[in-house]
Amino acid sequence: MNARNLAWTAAALGVLVHGHRELMAGLRRRAAPPVKYFEPPSVTVIRPIRGLDVDARENVRALLDLDYPGEWEVLFVFDSEDDPAFLPTREEVAARPTRAKRVELIVAGEPPAGMTGKLNAMQVGVARSRCQLLAFSDSDTRPSPGVLTALVGALLEDGGTGATFAPIYAAADAPLAGDVGYGLLVNAWYGASVACTAAPDGALPFIMGQLMVFRRQALEAIGGVGCAAGQFVDDMYLGRRLHESGWKNRVVHAPLRVVTGQLELGAFLRIFRRWILFSEAGIPGTFARPHWVRGAVSWLSWGALAAAVARRAWGAALLSVAPIGFSVWSQLRLQRACHGPEVAPRHYWVPAVLPLLGAGVALSARLSREVDWRGRGYRLDAKARLGEAQPARASV
């Protein structure tokens with residue numbers, strides 16, 4: 001053990017502690033606003049579905065259980081009646097009482113070239129909608145009863161707000177290692193950074209749209225949801241276009257659960273890779289830079305640990321463990337602060353190696369631009385947009 005080892009450990013811990021404090025300060029900065037009465041406009045909730053999500057029936061029930069005080073309708077949009085989620089959704093709709101004025105299952109058909117299946121479903125849903133506001137809901141989410149009311153209330157607070165969206169957290173009832181990794185990615189990394197980056201009123205230059213609500217006039221100003229044709233990531237692109245057009249995107253306080261489960265580590269790494277590609281399509285560099293700094297410190301710490309063990313320099317090895325241990329603690333703390341579940345001690349190795357996995361995933365995303373998403377394969381260009389021949393192949 002020498003002065004250089006001590007200096008390195010002190011510097012690494014200093015960077016990690018500073019980053020953790022910045023993220024925690026961002027989470028604490030925005031106090032939840034008092035609930036204000038508003039005259040509720042009508043809302044169409046459009047949920048594209050492809051494939052059977054974990055606990056899909058419960059997710060459908062949660063959407064039908066929204067307690068929005070105004071008139072609202074739900075449109076479930078599928079590519080085909082042969083989709084494995086079509087029959088369970090129809091059964092839940094038939095059996096579940098709901099305050100929604102209208103609930104329909106719609107078949108959109110195969111997407112045209114240059115458009116993802118999700119965006120095609122969104123566009124078909126908009127064409128069939130009847131209400132004043134448009135909401136889009138991902139099928140792997142389970143909204144709490146009041147989240148739509150919170151989104152609409154925030155949208156109406158400011159005439160310059162074009163869209164609102166809910167902050168997400170990922171949770172599994174019986175998590176495997178992949179579920180833990182996905183939860184940390186969503187909660188401790190992305191979720192905390194969203195809160196830190198948002199302005200005091202929640203304004204952001206992009207949207208993370210697992211549940212988002214739009215003014216029709218804001219969407220019309222950018223050419224409707226169809227303006228995202230050719231994009232792999234519709235929500236971030238729509239948010240960027242709104243921001244460039246002078247509209248605000250605002251994240252609210254009411255959290256939204258993304259339901260995971262039965263996720264092995266390999267499946268998580270494929271999702272992680274997809275998120276890396278998602279981030280290329282609309283997240284500003286100022287948002288991503290702290291992630292790379294935190295990751296670099298962890299990579300260097302692991303490298304120093306490996307070198308010390310190889311030399312049998314146990315004192316230096318012990319010092320190298322300190323930044324890794326703090327990184328684990330920080331991720332677990334941020335996870336809880338972002339509504340995520342506690343992580344069992346048997347899974348503490350996941351946050352320890354997550355930055356290392358991230359480096360490999362980022363490299364993979366650079367080397368290959370093909371990605372599977374919701375049963376389809378897509379080939380992306382250098383800016384994470386759809387290439388000319390889409391989809392690249394059918395995924396089995």
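Nothing here was measured: the structure is a model prediction, and the numbers come from that model. All values below come from the heavy atoms of this structure, side chains included, with hydrogens, waters and symmetry mates left out. Sequential numbering from 1 along the given sequence is applied to the chain's residues.
At least one donor-acceptor pair under 3.5 Å links the side chain of Arg257 to the backbone N or O of Ala171. Without hydrogens or angle criteria, Asp179 side chain to Leu176 main chain gives a donor-acceptor distance under 3.5 Å. Distance alone, capped at 3.5 Å, places no donor-acceptor pair between the Gln132 side chain and the Pro41 backbone. Checking side-chain atoms of Thr44 against main-chain N and O of Leu134 turns up no donor-acceptor pair under 3.5 Å. Judged by distance alone, the side chain of Ser137 and the main-chain N or O of Arg47 form no donor-acceptor pair under 3.5 Å. With hydrogens and angles disregarded, no donor-acceptor distance shorter than 3.5 Å links the side chain of Arg294 to the backbone of Pro355. Judged by distance alone, with hydrogens and angles left aside, the side-chain atoms of Arg250 form a donor-acceptor pair with the main-chain N or O of Asp201 at under 3.5 Å. Under a 3.5 Å cut-off, the side chain of Ser327 and the backbone N or O of Pro323 do not form any donor-acceptor pair.
Two residues are said to be in side-chain contact when any heavy atoms from C-beta on lie closer than 4.5 Å; Val343 and Val350 fail this criterion.
When ring centroids are compared, Trp329 and Phe326 come within the 6.0 Å threshold.
Pairing each heavy atom of Thr260 with each of Val54, the nearest pair is O-CG1, 4.0 Å.
Under the 3.5 Å distance criterion, with hydrogens and angles disregarded, a donor-acceptor pair is assigned to the side chains of Asn187 and Gln335.
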